[in-house]
Structure formats: structure tokens, C-alpha cells
Amino acid sequence: MAHELAKQYDPKQVEDRIYASWLKGNYFHAACDPEKKPYTIVIPPPNITGQLHMGHALDNTLQDILIRWRRMQGFDTLWLPGTDHASIATEAKIVAALKEEGISKEDLGREGFLKRAWEWRAQYGGRIVEQLKKLGSSCDWERERFTLDEGCSKAVREVFVNLYEKGLIYRGERIINWCTHCKTSISDAEVEYEEKDGAFWHMAYPFTDGSGAIIVATTRPETIPGDTGVAVHPDDERYKDLIGKTVRIPVIGREIPIVADTYAKMDKGTGAVKITPAHDPNDFEVGLRCNLPILNVMTDDGFMNEQAGKYAGMSLMECRKAIVADFEAAGALVKIEPTKHEVGTCYRCHTSVEPRVSKQWFVKMKPLAEPAIKAVRDGKTKFIPERFDKTYYNWMENIRDWCISRQLWWGHRIPAWYCDDCGKITVEREDPTHCAHCGSAHIHQDPDTLDTWFSSALWPFSTLGWPDKTPELAHYYPTNTLVTGYDIIFFWVARMIFSACEQMGEVPFDTVFIHGIVRDELGRKMSKSLGNGIDPLLVIDKYGADALRMTLATGNSPGNDMRYSEKKVEASRNFANKIWNAARFILMNLDGTEKAPYVPADLALEDKWILARFNALVKEVTDNLEKFELGIAIAKLYDFIWDIFCDWYIELAKIRLQKHDETTETAKAVLIYVLSETLKLLHPFMPFITEEIWQTLPHEGETIMLSPWPKFDEALCFDAEEATMNSIMEAIRAIRNRRAEMNVAPSKKAHVYVATEKKDVFSAAVVFMQRLASAEEVILGDSFDLDGAVSIVTADAKIYIPMDDLVDFEAERKRLQKEKEGAEKKLSGIQAKLSNPGFLAKAPAAVVEGQRAEEAKLIEKLRMIEESLAALG
RNA sequence: GAGGGUAUAGCUCAGUUGGUUAGAGCGCUUGCUUGACAUGCAAGAGGUCGGUGGUUCGAGUCCACUUAUCCUCACCA
């Protein structure tokens, strides 16, 4: 049968159909076969609010490459997919949607709001999953999980109770980061610092005994109503005598003491610092040490409260202006010093974060961090690239307790009940009906929910069934590779590691494969506000998923950012088309009776050469994948397919294909073999086109997805044939080069005389030269005496092309002279090395040998160039 | 303030444990309806690998210093 394939590859005709066939074949499903070695990846669960962006596309392409490769290698592979409930982001979206309808979440009430939230999740939660499928992701969709599903919730509950019972979770009044827009506490990791213009306002606080004033500086005048002290360093000679005195806050009028605390640095500002324990983390600590009262002067939505007296009801900025104006009027404003300031903002909404004292739940971090640090130090989990372990250590070693309670409704509700009678807390695995301390039935549950990252932290084991002892957990845990961006190491990776160490006594994965972020063409971060984001789905629609994947894989080197540009996708699309046409050509030459791919017995020179090159490729690509050098692996595949296979081998094979004799069958067999084996190597990177072509070629098995990964084969090493082919290719390139230089049309065939000692090599090359070097006839001999011929010198031969009318003797002499100089320069470099005793003594023998061989070649080449120059007269 | 990344062709980037003449894609120049592909074929121009010094027989690769640029972390009034 003659195959009729379109001249250009059209991914739209292929991708959805192929993906459906994979699903139908159930190929993504992990069987949980205890006999087979597992390889597991858990997906970084995208937010249900999310839409696929380039970051997801990169992250999931890398995961799919790894999982497809390991699957072909015969591992029992599990790529476990799922989504994250993303409490703060999702709740914000729903609140915004409600606002459109003119209602607040309070109007709906907790129950009603959660009903809406689940409806929202039902409607949009599957969107990103469908988008992942467009990319070709071979996740085991039967095992898809959700951080708020029953099993994950059970895991969350277990961990919370567990940590509470160990005393590693506590409730306390501490200073936390408060987002006035989201109206919830957030953790330290969720604060992003942005540089903003600010100032130091120097204010004079008069002593109550009328003996003058002390000057303090502040960047936040609006906190002045909350001041409960002024601190100076105990050793500060300037202020020693003032300790214990009181000052009166200007305008406000309240009396506050001057206290001694080492937090006040003598060399900073005036050496005296106002203390606002309710609204600054450091001041909070000072307040504790010096017994200062805590005075909260703000509301939870960013206004001054009744404690702020006349400023109550103002926004923070209004209050700041008013206070500065009032102080100035009262003569208490000493000076204003403009400055830049790092201001904490909420990572979700970028509203300024207000530090404030609040009763929240915390995880005690020190005891959890230690084993997690040790695990990485011991190499149980490795970061790729390695340098990110520094980032990890740095964070883990300086970690503070983790605020895990959120004043939100969408999430895992904190499993703590407060007794209305005895006031004690009951924390249990099952919802209690009575106080565990006094037995009272008057208990009420904490209204808050847990930080989203609390449940994400359990993802590698909660998704495998923990706390139940499931076969999946036994087989697939610990997982193998976690693929994620460096921007999420703190939020997620570190927390997974310490959670797993604590709960499982084992690290969650052996390798963390870190990638960078995808930037726009100008190197800027893709962002909504800049409007420079590229929608991967549009790219897939235009160029195909394979082209997008190829682009993302090609540019990738671990840990480094990459720039997206449509030009790169075009190049990838062209590559897909190239393979398509190579396959089309091969198929055109088949009649449908061909057997499944095999290596025929009567191999020709060029067959041995391509098989040897392919064999080397197998080894290299596999090694690169083992080392997570995905970008290098795909680059090698690209070069092999385009330059080696298409531009050389197929062209050479055409000679035999057109002969229609017994050699034709060998050529066909090798073409089929090399193409289909190469498709396997390429499949993890470009799954769709490789499947489509593989299905059309003679093959065994249902799908390329499950075909065995090629192995390096000693029987396919043909060193001598490789060397021979290299000589021939060099000669062909040299001839083409000379013809191009002289502007000889390819249609003008020439006689080619090859003077060489290696006649066996070049006799094989005769037909190649005819086909690829526009040779009409190739004459071999020991030497020729041809006047008016162009001569070409290669390492193994001297080639003459008589072209009397075309030869410009002067130009020819110049060219030869230039070539001679080049060769001489190179030779002298090599000879310098070879006469260096240090080099001879210390360099490996193979390197020295290589240099000697090169020297001999150059000497011979120079001899022939001299000869040609002499012949020119 | 601390830590880290990057710097290689006009542009975007590879370059694996140090080892022949530093690679690719795009762009550029020249030629080609070579019966798979113009999303193609062939040939070519273009780089003192940011700078200085060092280690080494040998450095784009390792070390020190330095410049530029980007990022992360940090409670600095």
C-alpha cells in the first residue's frame, strides 16, 4: 500500500485523536504492581482558580518527559495529578463574584458560602485539568486528587491532631502579618516585600516632668496612637538617666515610660525608638520584655479603631497625614527625612501587610526543621541544580513559627473546639460532642481554616492514601522526582520535606528538579498587570503541543529562567514537519509488506555508520535524561534527526531505494529501524507526532508509549565504518564547498579524480559523490597530472575537478595559500604541544595519540597543498 | 545587610568529569523547482567566551579579585 500523507504536518488532525486513544487504552494508569520497580511523580497541584500559563506548561512538560521515559524503561510509573483548593485565592474570587451580585459572604453565611464555593469548584475546577491534557500530560487521571477531598482532609486532620498532641501546634497571641484586603492572617512566606517611597518622621516626645523632650523617628506615624513606650539602649550614656522617666505622646496626650532594651541601637537614628507592641514584630518583643501594654489601634480592614481616639474611622493613610499635620501644628515634628522602604505586601493581592497582634494557631518549627535539614544534608533528597540546597538550608535554619490559621471559610476548618464552661481546648480526630476536659456539651469549633500550604505539604503521602496503609502508599512512597520552580521552594518543597520527615519518618522524594520561570521575549516576567503573558493553549492551537513542548524542553537548563519567543516555537514546528516528511518519504517507499523493525544482516557501509551513530545517541540521550539534562538530550535528538539522519543517511539511502534490487530491502529495513527507534527516543519530548508516525510504520505493540526504550547495543558499534564515512563526508563537503565558491550550478556535473591511498574507502564513495557532490564520473587513482583542474585537499585524498574555463588561477593560488597558512598555524600549535615534555608526561595517552594523528594528517595535507601550488606554477 | 544567579556570534541560548579547529536556532550573504520537506537543500560570513590575575602540560570550563545585570532572603526605628 502506498501511504498518502499530507505534505505538511498538521497537529490539529492528530493530537486530540491520539490523546483520546491513549486514554482509551488506559496507558496512563499505574497498576501498582509490587513486582515492578516504581517511579513516581506527584504533580504540583495547580490552583482550581488557575488557567494554564507558561509556567504550568514548562513544569508539566518536564514531568511528562520524565514519566514517559521511565514508563518506556519499564518502571511502574505513577504520575499523580490533582488540584489545590487555594483557600485565599479561591475565596477572593468567590467574594468578588458575590460582590457583583451585591452580596457579601456574611450575607450568605458560612454554609451558604461553602455551597457556592463547591459549586464554583465543580464548574471551574476541571478547567485546568483539561488544559493539562491538551499538553499531552500522561497523568493517571483515575487517581486525580483534590487537597480538600475526603482523603486529603483526613490526612490534614490526622497531622493537625498529631502535631497538637506532640505540642508542636499551639494557639497563641502573637504578632502576625495581617492582610487588610483579604482580612486574614498570612504566614511570613506569604509576605512579599516591595520597595516604596517613605520617610522618617522625627518626633519630639516631651518629658512629663517638663525637662525637655526625647526625639524618636518613625516610618509609620499612624501607629503613634498605639505607642506604649520609648526604648533606649541600657548602655547609652545620653539616655541612661532618663530610663524610668515618662514622656507624653504629643497630641494624643497619653503618658508612656522610657524603658531600657538592647533592641534600641545607639548608633541608629537618635538612639531612642518608640515602641508600638501591637503593630510591629520587634516592638512586640520589646513590649514583652519590658512589660509594656499592647494597644491595638487598627481594625481588621485597615482603619483606625476607637482606641485611636480622634483618628478613629480614618484609613491608615488618612491617619498618617492627620497625625503628621497635628504634630507639626503642635511643634512636635522635628524633621522629615525621605527614604526608600521595603514594605511588606500580601502575595495574593499586594495590599500592604499590617503586622498586628492576634490570637492564631502556629506550628513550632525548630523541632520540625532539624530532621528536615539533616535529611537533605545526608543526601536523602537532592536538589537539581545543587545550589538550591543553600536556599533551602538558609530558609530552614532561620525559620520562625508558622502561622497556620486563616480567617477564611474555604479550606480545612481547624479541628479545635473551645469549651464555653471551662475555656479549655479540645482537639480530636473525630468531631467531639463534649469538652475533653470538663465534659461540658457547650463547646464550639474554631471558625478559622488552615493555610492552604498546610494541606499541600502533605500532598506526596495524602494522595497515596495516608493515614491509611494503602498498597499505593507502600509501593509508590517515597516518590522519586518533584518537579517545580524555584519560586516555590519555601512555600511548598521545604514544607513537604519537614512534614514527611515528621509524619512518615522518610523524605517525600529523592530528587527535587528545579526549573526557572518562563519570561517574555524581553526577559520580563509574564504577568497579568503587564499583559505580556502568552497563553500556551493559543500556542498549541497554532503550532501544536509537540512544538510547544519541544521549545520549552530545548531552552531548559535546570534552575535557569528562559525566554519565550514565537520564533523558537516556529523552529520546533519546523522540526516536527521535518520528521513528518522524513517519515512520509520512507512510507512512500514501502509497500505494506514490511516486517516490524529489525536490523538486516547484509549491512552496507552507510547502514553501519547510521546504526553506530544511532547507538551512540541512545547512550548519550539516556545518560542525559538520567542526569536531568533534558535540554541537552533534545538538542542531540534534533541534530541526529535533522543533520545525520535526514541530510545524510536518507540521501544516501535514496541510491539503493531507486535501484529496486536486493540492496533496496536492506536500505528500507534500516530506514524503518532507525526511524522507529529514534521516534522512541523522541517520544517523551514530542509524544503526539511520534505516536502518529510510529503507528503508520511497521510496528509491534499497541502504542509507542509502552514500547521498550532503546538500549545501547555492543553489536552496533562500527568504528571502522564510522571513520570511513567521516572521510567520505569530508570529501563531499569539500567538493560542494569548492563548487559553491566558484559558483558552479549543481546541475553542471563534473568529472572527479580522487588520488588516494585509501582506494577501498573511496570506491564506496563513488556513488555517494555522484549523488551528493554533483559528480558525473569518479575516477580513483594513485596520482593524477591534470592541468587546469581545481584541486581539493582532504585528510585522506587529493581531489581534482577539471574545469578549465571556470578556474581563475590567481584566485586558486590565493585560496591554496590561505589554506596552507591555516594548516601551518594549526600544525605549529600541535607541534608545540607535542614538544612540551609536561604535556607528554601528564596528558592522558589517548589525548597525546589524538594529537599525533592530527599532526600526521596535517603534514600530509600540507604536502598535498604544496603539490597543488607547484602545479599551478 | 546576607546569600545566589547570569555574562559565550547581530539576537536567543547550549556547551556534561578541564583535552583536537567553541556549537545550535533565528537573523544575514550566495546559490538551488537535487521526484520527503521552500516549515526545504547546499555553501558562507560572523566569537581575543565581561575584565584582571592565578592553578594546570592544557581553562569558556577550576580558584581569587573586579565590573555589569538580575533574583532571593533579612525585624532594622
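Just so it is clear, the model here is predicted, and its values are computed rather than measured. Residue numbers begin at 1 in each chain, while the letters A, B, ... track the order of the sequences.
Residue-to-nucleotide proximity on RNA chain B shows that, of A231(A) and R736(A), the 5′-proximal contact is made by R736(A).
For the pair R387(A) and G4(B), the criterion of a side-chain N or O lying under 4.0 Å from OP1 or OP2 is not met. In terms of phosphate contacts, T391(A) brings no side-chain nitrogen or oxygen within less than 4.0 Å of OP1 or OP2 of U72(B). Taking only side-chain nitrogens and oxygens, N737(A) comes nearer than 4.0 Å to OP1 or OP2 of G44(B). OP1 or OP2 of G40(B) has not a single side-chain nitrogen or oxygen of N577(A) nearer than 4.0 Å. For R739(A) and A42(B), the shortest distance from a side-chain N or O to OP1 or OP2 is not below 4.0 Å. In this model, the phosphate group of U12(B) is not approached by any side-chain N or O of Y564(A) to a distance below 4.0 Å at OP1 or OP2. Using a 4.0 Å cut-off, some side-chain N or O of W642(A) falls inside it from OP1 or OP2 of C41(B).
Taking CE from M266(A) and CG from D236(A), the interatomic distance works out to 5.5 Å, rounded to the nearest 0.5 Å. Here the straight-line distance linking atom CD of E741(A) with atom CZ of R736(A) works out to 15.0 Å at 0.5 Å rounding. For the atom pair E566(A) CD and S572(A) OG, the distance stands at 11.5 Å (nearest 0.5 Å). In this structure, OG1 on T345(A) lies 3.5 Å from CD on E194(A), to the nearest 0.5 angstrom. Taking CG of N532(A) as the reference point, atom OH of Y564(A) lies at 12.5 Å (rounded to 0.5 Å). The line from CD of E730(A) to CG of N737(A) is 11.0 Å long, rounded to the nearest 0.5 Å.
For the pair I323(A) and E222(A), the tightest heavy-atom approach, listed with the atom from each and the gap, is CD1-CA, 4.1 Å. Scanning both residues, A653(A) and L671(A), for their nearest heavy atoms gives CB-CD1, 4.1 Å. The two atoms that bring Q8(A) and N577(A) nearest to each other are CA-OD1, 3.4 Å, heavy atoms only.
Across all strands shown, F490(A) has heavy atoms under 4.0 Å from sugar-phosphate atoms exclusively, and none from any base. Within the nucleic acid shown, N836(A) comes within 4.0 Å of sugar-phosphate atoms alone, with no base atom in reach, counting heavy atoms only. Here E570(A) lies out of heavy-atom contact (under 4.0 Å) with every strand. Using a 4.0 Å heavy-atom criterion, one finds that F575(A) contacts no nucleic acid atom at all. When heavy atoms are screened at a 4.0 angstrom cut-off, S557(A) is found touching the sugar-phosphate backbone but no base atom. Among the protein residues, H341(A) comes within range of the sugar-phosphate backbone only, with heavy atoms under 4.0 Å from sugar or phosphate atoms but none that close to a base. Counting any heavy atom pair closer than 4.0 Å across all strands shown, P837(A) reaches no nucleic acid atom. If you check every strand for non-hydrogen atoms under 4.0 Å, R738(A) touches nothing. Here T218(A) lies in heavy-atom contact (under 4.0 Å) with sugar-phosphate atoms only. At a threshold of 4.0 angstrom between heavy atoms, the contacts of A264(A) include nucleobase atoms, whether or not backbone atoms are also involved. Contact annotation for G271(A): base contact, defined as any heavy-atom pair under 4.0 Å involving a base atom. Among the atoms of the strands shown, only primed sugar atoms or phosphate atoms (P, OP1, OP2) are found under 4.0 Å from some heavy atom of F200(A). Among the atoms of the strands shown, none is found under 4.0 Å from any heavy atom of W201(A). At the heavy-atom level, S565(A) lies nowhere under 4.0 Å from the strands shown.
Interface remark: the R573(A) side chain does form a donor-acceptor pair with the U39(B) base, using a distance-only criterion of under 3.5 Å.
Taking atom CD of E342(A) as the reference point, atom P of C73(B) lies 10 Å away to the nearest angstrom. With rounding to whole Å, W580(A) atom CH2 is found 15 Å from A38(B) atom P. The distance between atom CE of M550(A) and atom C1' of U12(B), rounded to the nearest whole Å, is 14 Å. Rounding to whole angstrom units, CZ of residue R563(A) and P of G5(B) are separated by 19 Å. Atom C1' of nucleotide G4(B) and atom CG of D487(A) are separated by 15 Å, given to the nearest angstrom. Atom CD in E192(A) sits roughly 11 Å away from atom P in A74(B) (whole-Å rounding). Atom CD1 of I489(A) and atom C1' of G3(B) are 13 Å apart (whole Å). Rounded to whole Å, atom P of G3(B) lies 14 Å from atom CD of E397(A).
Take A731(A) and apply the side-chain contact (heavy atoms from CB on, under 4.5 Å) test, not counting sequence neighbours, and it matches F762(A), M769(A), T794(A), I799(A).
With respect to E521(A) and K568(A), no salt bridge is recorded, no charged nitrogen being found less than 4.0 Å from a carboxylate O. Here R563(A) does not pair with D520(A) in a salt bridge; the nearest charged N to carboxylate O distance is not below 4.0 Å.
Secondary-structure annotation of RNA chain B gives the stems B:1-7 with B:67-73, B:10-13 with B:23-26, B:28-32 with B:40-44, B:50-54 with B:62-66, with a stem taken as at least 3 successive Watson-Crick or G-U pairs whose two distances both fall under 3.5 Å.
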Anything under 3.5 Å between a protein N or O and an N or O of nucleotides 31-36 of chain B, put it in a table, one pair a line.
{"unit_1": "A36(B)", "atom_1": "OP1", "unit_2": "K654(A)", "atom_2": "NZ", "d": "3.3"}
{"unit_1": "A36(B)", "atom_1": "O3'", "unit_2": "R584(A)", "atom_2": "NH2", "d": "3.1"}
{"unit_1": "A36(B)", "atom_1": "O2'", "unit_2": "N581(A)", "atom_2": "OD1", "d": "2.5"}
{"unit_1": "A36(B)", "atom_1": "O2'", "unit_2": "R584(A)", "atom_2": "NE", "d": "3.2"}
{"unit_1": "A36(B)", "atom_1": "O2'", "unit_2": "R584(A)", "atom_2": "NH2", "d": "2.6"}
{"unit_1": "A36(B)", "atom_1": "N7", "unit_2": "K654(A)", "atom_2": "NZ", "d": "3.2"}
{"unit_1": "A36(B)", "atom_1": "N6", "unit_2": "C646(A)", "atom_2": "O", "d": "3.3"}
{"unit_1": "A36(B)", "atom_1": "N6", "unit_2": "E651(A)", "atom_2": "OE2", "d": "3.0"}
{"unit_1": "A36(B)", "atom_1": "N3", "unit_2": "N581(A)", "atom_2": "O", "d": "3.1"}
{"unit_1": "A36(B)", "atom_1": "N3", "unit_2": "A582(A)", "atom_2": "N", "d": "3.2"}

So which protein N/O to nucleotides 21-25 of chain B N/O distances come out below 3.5 Å?
{"unit_1": "U21(B)", "atom_1": "N3", "unit_2": "K826(A)", "atom_2": "NZ", "d": "3.3"}

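Judged by the 6.0 Å and 45° rule, R495(A) forms a cation-pi pair with W402(A).
A perpendicular orientation is assigned to the rings of H202(A) and F200(A), their planes being inclined by more than 60° (bins at 30° and 60°). A parallel orientation is assigned to the rings of F575(A) and W642(A), their planes being inclined by less than 30° (bins at 30° and 60°). A tilted orientation is assigned to the rings of W580(A) and Y9(A), their planes being inclined by 30° to 60°.
Taking atom C1' in both U61(B) and G15(B), one finds a spacing of 9 Å when rounded to whole Å. Of the C1' atoms belonging to G54(B) and C41(B), the separation is 49 Å, rounded to the nearest Å.
Near-neighbour residues of RNA chain B inside residues 624-637 of chain A, defined by a heavy atom below 4.0 Å, number-ordered: N624(A), K627(A), E629(A), I632(A), K636(A).
For residues 624-641 of chain A, the set of pairs meeting the salt bridge (charged side-chain N to carboxylate O under 4.0 Å, His left out) definition, not counting sequence neighbours, comprises R70(A)-E626(A), E620(A)-K636(A).
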